There are 2 protein chains.
Amino acid sequence: MKNETIIDSEVTCSSSCGISKIQKIFAGKWKIMILWTLHERTMRFGELNRALGDITQSALTKQLRELEADGLVKRYVYREVPPRVEYSLTETGNNFVPLLEQINTWSLENL
Amino acid sequence: MKNETIIDSEVTCSSSCGISKIQKIFAGKWKIMILWTLHERTMRFGELNRALGDITQSALTKQLRELEADGLVKRYVYREVPPRVEYSLTETGNNFVPLLEQINTWSLENL
DNA sequence: CGGTATCCTGAACGATACTG
DNA sequence: CAGTATCGTTCAGGATACCG
């Protein structure tokens with residue numbers, strides 16, 4: 001009746017599935033928290049740094065560059081002295097916010 | 001009118017917020033993919049191992065133990081020879097599935 | 001202020017071998 | 001089959017110093 005030999009089934013989450021893609025983004029120690037911190041307002045580099053607490057400057061810079069490359073975060077440099085750089089979510093980043101909110105809620109209720 | 005000095009505001013995502021709690025789960029290289037793979041059916045250790053592709057036995061064991069400790073995955077040992085162990089999502093784990101589905105969709109559309 | 005540039009450490013993960 | 005036990009490696013992130 002039923003084929004017992006599973007044909008190398010696509011239960012597998014290899015490369016093609018969304019979950020394995022997002023893994024790389026969430027893997028970063030600070031990335032979700034950066035998105036969460038930016039979810040309601042634009043922030044300057046220093047603010048973000050302070051808001052996150054224990055992250056180092058270099059780590060923050062790196063994670064921000066990666067989020068930028070993934071199209072989740074936007075960087076705007078004001079040509080001023082002293083320098084001023086603001087970070088905010090992109091359109092794509094904003095689309096993710098509702099999910100973050102749900103995740104937050106779930107997490108508080110279940111962890 | 002408005003207090004310009006932000007009073008060490010609770011924009012901060014320190015410990016108390018759900019996002020920082022879930023970070024630890026997402027941090028594991030395989031955890032979300034394990035949850036995703038188990039999201040529709042119970043699987044044996046070996047099946048899971050194969051479904052995930054490149055993970056090693058020892059790594060899988062470790063990640064499963066951690067997911068168990070976090071109450072997301074259930075482990076059932078059949079007292080048989082040869083041994084047989086089945087893994088499935090707990091109630092809590094199942095509650096997370098709808099979010100996983102949304103995340104998957106979002107990921108496919110945005111990454 | 002908002003970065004780079006180095007250097008370095010720890011933990012996570014992989015590889016491999018062995019076992020009830 | 002489903003592990004455990006070791007060992008080795010990689011590399012993300014921390015620490016620190018310096019710069020436009």
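All of these numbers come straight from a predicted model, not from anything done at the bench. Note on naming: letters A, B, ... go to the chains in the order of the sequence lines (proteins, then strands), and numbering restarts at 1 for each one. Basis for what follows: all heavy atoms, side chains included, without hydrogens, waters or symmetry-related copies.
- Taking only side-chain nitrogens and oxygens, B:R44 comes nearer than 4.0 Å to OP1 or OP2 of D:dA2.
- Atom CG of B:N49 is separated from atom P of C:dT16 by 15 Å (rounded to the nearest Å).
- Closest heavy-atom contact between B:S107 and A:G18: OG-O, 2.8 Å.
- Across all strands shown, B:Y87 has heavy atoms under 4.0 Å from sugar-phosphate atoms exclusively, and none from any base.
- Atom pair B:R79:CZ and D:dC1:C1' shows a separation of 14 Å (rounding to whole Å applied).
- Remark: C1' of C:dG2 and CZ of A:F45 are 6 Å apart, rounded to the nearest angstrom.
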Would you give a per-nucleotide map of nucleotides 6-20 of chain D, 5' to 3', where B means the base has a protein non-hydrogen atom under 4.0 Å away, S means only the sugar-phosphate does, and - means neither?
------SSSBB---B

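- Residues A:L99 and A:F96 have side chains in contact (heavy-atom distance under 4.5 Å, counting atoms from C-beta outward).
- Of the side-chain N and O atoms in B:R65, one or more sit less than 4.0 angstrom from OP1 or OP2 of D:dT4.
- Going from atom CZ of B:R75 over to atom P of D:dC1 covers 16 Å, rounded to whole Å.
- The nearest whole Å value for the distance from the CD atom in A:E86 to the P atom in C:dG2 is 9 Å.
- Contact annotation: A:R50 side-chain N/O to C:dG2 OP1/OP2 distance is not under 4.0 Å.
- Of the inter-residue distances, the one linking A:I32 atom CD1 with A:L67 atom CG reads 10.5 Å to the nearest 0.5 angstrom.
- Rounded to whole Å, atom C1' of C:dC13 lies 15 Å from atom NZ of A:K24.
- Counting only heavy atoms from C-beta outward, the side chains of A:I103 and B:I103 approach each other to under 4.5 Å.
- Closest to the B:P82 side chain, of the nucleotides D:dC1, D:dG3, C:dG2, is D:dC1.
- Residues forming a side-chain hydrogen bond (donor to acceptor under 3.5 Å, both in side chains) with B:E68 (at least two apart in sequence, or on another chain): none.
- Residue A:R84 places no side-chain N or O under 4.0 Å from the OP1 or OP2 atom of C:dG2.
- Remark: P of D:dC1 and CG of B:L64 are 17 Å apart, rounded to the nearest angstrom.
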In a table with atom names and distances, give each donor-acceptor pair under 3.5 Å that connects a side chain of residues 72-83 of chain A to protein atoms at least two apart or in another chain.
| residue | atom | partner | partner atom | Å |
| --- | --- | --- | --- | --- |
| A:R75 | NE | A:Y87 | OH | 3.2 |
| A:Y78 | OH | A:E86 | OE1 | 3.1 |
| A:E80 | OE2 | A:R84 | NH1 | 3.2 |

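- Minimum interatomic distance between A:I55 and A:L52 (heavy atoms only, all atoms of both residues): CG2-CB, 3.8 Å.
- Distance A:E47 CD to C:dG2 C1': 13 Å, rounded to the nearest Å.
- Taking only side-chain atoms of A:T61, from C-beta outward, the nucleotide of C:dG2, C:dT4, D:dC1 with the closest atom is C:dT4.
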